[in-house]
Amino acid sequence: MNININNIVGNIRKAVNRVPDILSRRKYRILWLAMFLFGIMSVVDLVMSDSLKFPLWLQIMYVIFFSSLKATVMTLPLAWLMERGRWLKALAWVVIVIYALAASVNCFSLFFYGFGISRKLILIFMQTNFREASQFATGIWANIVSLAESPALYIVVIGIAGLYMLLTRCGRRVYLWITGALSIAGVVAFGWYLVNFDWGRTAHSLAMRTVRYGREVQAWNRKFEELRTHKKPLLYAESAISTHKAATVIFVIGESASSGHMQLYGYPLRTTPELCAAADSLFIYRDAISSASITAGSLERMLSLKYDDDTSEDGLDFPLVVDIFKQAGYKIFWLSNQEIMGNFSNTSGVMVMNADEIEYVGADNSEDALVQRFDEILMPPLYKALADTATNKIIFLHLMGSHVAYNRRYPRDFDRIKGADVQRALNHPWLDEKMAATVAQYDNSILYTDYLLSQIMAQVSARNDKALMIYLSDHGENVYDEGRSMGRGEKYVRVPMIVYPNRRYREEEPEMVERLRKSLSLPLSTANVEHQLMTLTGTQYQLYDSTRDVLSPAFVRRHRYVNEHPWKYETRKDGKTGK
């Protein structure tokens, strides 16, 4: 078979030459404009994520350029289909309608509910029955109708009308120049994004995003159901009673916060100015470690009576903290800015499922940067919980804290510590500029948590009932502390452990205050904090172990375990640590 290369090249050239003529037709100009507007609606949640820290004007320019690129890329095949006959033209319209609906859902859900098409939205719909879904849809329609009262709507409509007039009435050459220049700018902008950000790449495509997130949510639902069926009822439930020495407890669980990077614990940089200013009112444990170097292992012991040296069973096989205190007469709130599924997920979602109020305010997956929010998003639900009419309540706050990537954990206002500050203060010979910048980002995340804790302490201080704040972290972090490596490990599990009682608690529970003061130098494992919480609240339970409670006279010093192995770095009598 003879192949005429010249004919093939000629046909390709003719097809390419026809593209400008086709695209500059009025109906395809309108199609390009529609794809441009839907493109904006499909990525607006990406650039509005808290994880991006470039200025608003730059975010707007990125949306415009990338949406222009999407419009051109989509208009070309759609125009080709529309030129190929009735059935292919119908297929093109199906694609347009589906894309328009998906983009609209993404945009309206973002502005009305705070998140677009994400794991969170898909999870809500997969766990919602028909009646609830219809109510949700009714709520969306009501919100859309309410937009008629917003001046912003009319500004947008006028802008679209002006763009329509420009693109449909300008000359062919001007039209092609405008769309071509914007599309090229979109290529450059997207390339810049790929170089500078290692997340959210597939999220630029609604189709890829929806399919990927849908499959992950479906898999997580199966996993959650398996864990739920494994959960056991509370053992010796009738023995859980309380005198409610503390009427209100705010139990703050930090993330990846190492005490070694806190000014409060001797770090040379100002990472905890608020806590330092309030140090005289705090009970600061100097020798606290987590029972694991990962969140899952630490939380399953912190939220159950599984001890650090228990190696045989799952945390769900032990009595759960939420169940114990709920049975003892406390209303339990679980407010989390962490995930309930994903690569770093754990069983905490099941371990707290009996809480009276549960709210996940941020991302439902650790990789879902589209709905990641700074930890201050927990404050409104905290205020609501504090205003609840229940006489006795325990409010758990689970922070994102200093979770990697560190620079996503704080607003730009808290970008105060710089790499040069780190190099001067630490004087580590192995720290180059890039490493020092990473340390600075980690330290800024600690600084932001310090600010948040000061806000929580203000709430505790202002209460008229006996109230406590307890803060500790799930595990520590190695951020180039001893060399050119970073990450987690059993050596880096020293964590902050702080108790803040308000004035009324101090005045009415002087014996407990004295116990706190005497316990600050004792070796503490966060796996045993539930026994300490029982004592602070006057709660009794049959499986309470006074030998593991640092507040009890019966406390017994024992070798602590990390990751189910004896910890090698206990403090020696000479004050040093070692194997």
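Numbers here are sequence positions counted from 1. For clarity, every value in this text was computed on a predicted model and none was experimentally measured.
Interatomic distance, Glu477 CD to His403 NE2, rounded to the nearest 0.5 Å: 8.5 Å. Leu335 contributes atom CG, which lies 10.5 Å from atom OH of Tyr360 (distance to the nearest 0.5 angstrom). Note that NZ of Lys326 and CG of Leu320 are 12.0 Å apart. Values are rounded to the nearest 0.5 Å. Rounded to the nearest 0.5 angstrom, Tyr406 OH and Arg409 CZ are separated by 10.5 Å. Atom CG of Leu397 is separated from atom CD1 of Ile253 by 9.0 Å, given to the nearest 0.5 angstrom. Between the CZ atom of Phe66 and the CG atom of Leu182 there is a distance of 14.0 Å, given to the nearest 0.5 Å.
Across all their heavy atoms, Tyr62 and Ala189 have their closest contact at CE1-O, 3.3 Å.
Note on Lys418 versus Glu433: no salt bridge recorded, every NZ/NE/NH1/NH2 to OD/OE distance being 4.0 Å or above. Using a 4.0 Å cut-off between charged side-chain N and carboxylate O, Asp45 and Arg209 make a salt bridge. A salt bridge links Arg488 with Glu255: the distance from a Lys NZ or Arg NE/NH1/NH2 to an Asp or Glu carboxylate oxygen falls below 4.0 Å. Between Asp432 and Arg484 there is a salt bridge, with a side-chain nitrogen of the basic residue lying less than 4.0 Å from a carboxylate oxygen of the acidic one. Using a 4.0 Å cut-off between a side-chain N of Lys or Arg and a carboxylate O of Asp or Glu, Lys231 and Asp323 qualify as a salt bridge.
Between the side chain of Tyr480 and the main chain of Thr438, no donor-acceptor pair closer than 3.5 Å is present. Asn106 contributes no side-chain N or O that, together with a main-chain N or O of Ala102, makes up a donor-acceptor pair within less than 3.5 Å. The backbone N or O of Val404 lies less than 3.5 Å from no partner atom in the side chain of Arg408, so there is not a single donor-acceptor pair. Put simply, the side chain of Arg201 gets close to the backbone of Leu194: a donor and an acceptor are under 3.5 Å apart. Side chain of Asp474 to main chain of Leu299: no donor-acceptor pair is present (N/O by atom type, distance under 3.5 Å, no hydrogens or angles). For Ser445 (side chain) and Ser402 (main-chain N/O), no donor-acceptor pair under 3.5 Å exists by modelled atom type. A donor-acceptor pair under 3.5 Å links the side-chain atoms of Asn563 to the main chain of Ser293, judged by distance alone. Looking only at distances, a side-chain donor or acceptor of Asn444 sits under 3.5 Å from a matching main-chain atom of Arg416. In this structure, Asn196 contributes its side chain and Trp192 its backbone to a donor-acceptor pair below 3.5 Å. Looking only at distances, a side-chain donor or acceptor of Lys70 sits under 3.5 Å from a matching main-chain atom of His204.
When each of Leu382, Leu386, Asp388 is paired with Phe333, the side chain to side chain contact (heavy atoms under 4.5 Å, CB included) condition holds for Asp388 and for no other.
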Exercise. Going through the distances and angles, do Phe414 and Tyr451 end up as a ring pair (Phe, Tyr, Trp, His ring centres under 6.0 Å)?
Worked result: CA-CA 9 Å; Phe414 285 84; Tyr451 158 76; 5.3 Å; yes

Task: Test side chain to side chain donor-acceptor pair (under 3.5 Å) applied to Asp443 and Thr271, step by step - done: CA-CA 6 Å; Asp443 289 349; Thr271 55; 6.0 Å; no

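Remark: Arg29 qualifies as a cation-pi partner of Tyr175 under the 6.0 Å distance and 45° angle criteria applied to the six-membered ring.
The distance between the ring centers of Tyr28 and Trp32 does not fall below 6.0 angstrom.
Atom CH2 of Trp177 sits in a sparse spot, with 12 or fewer heavy atoms from other residues, nucleotides or ligands closer than 6.0 Å.
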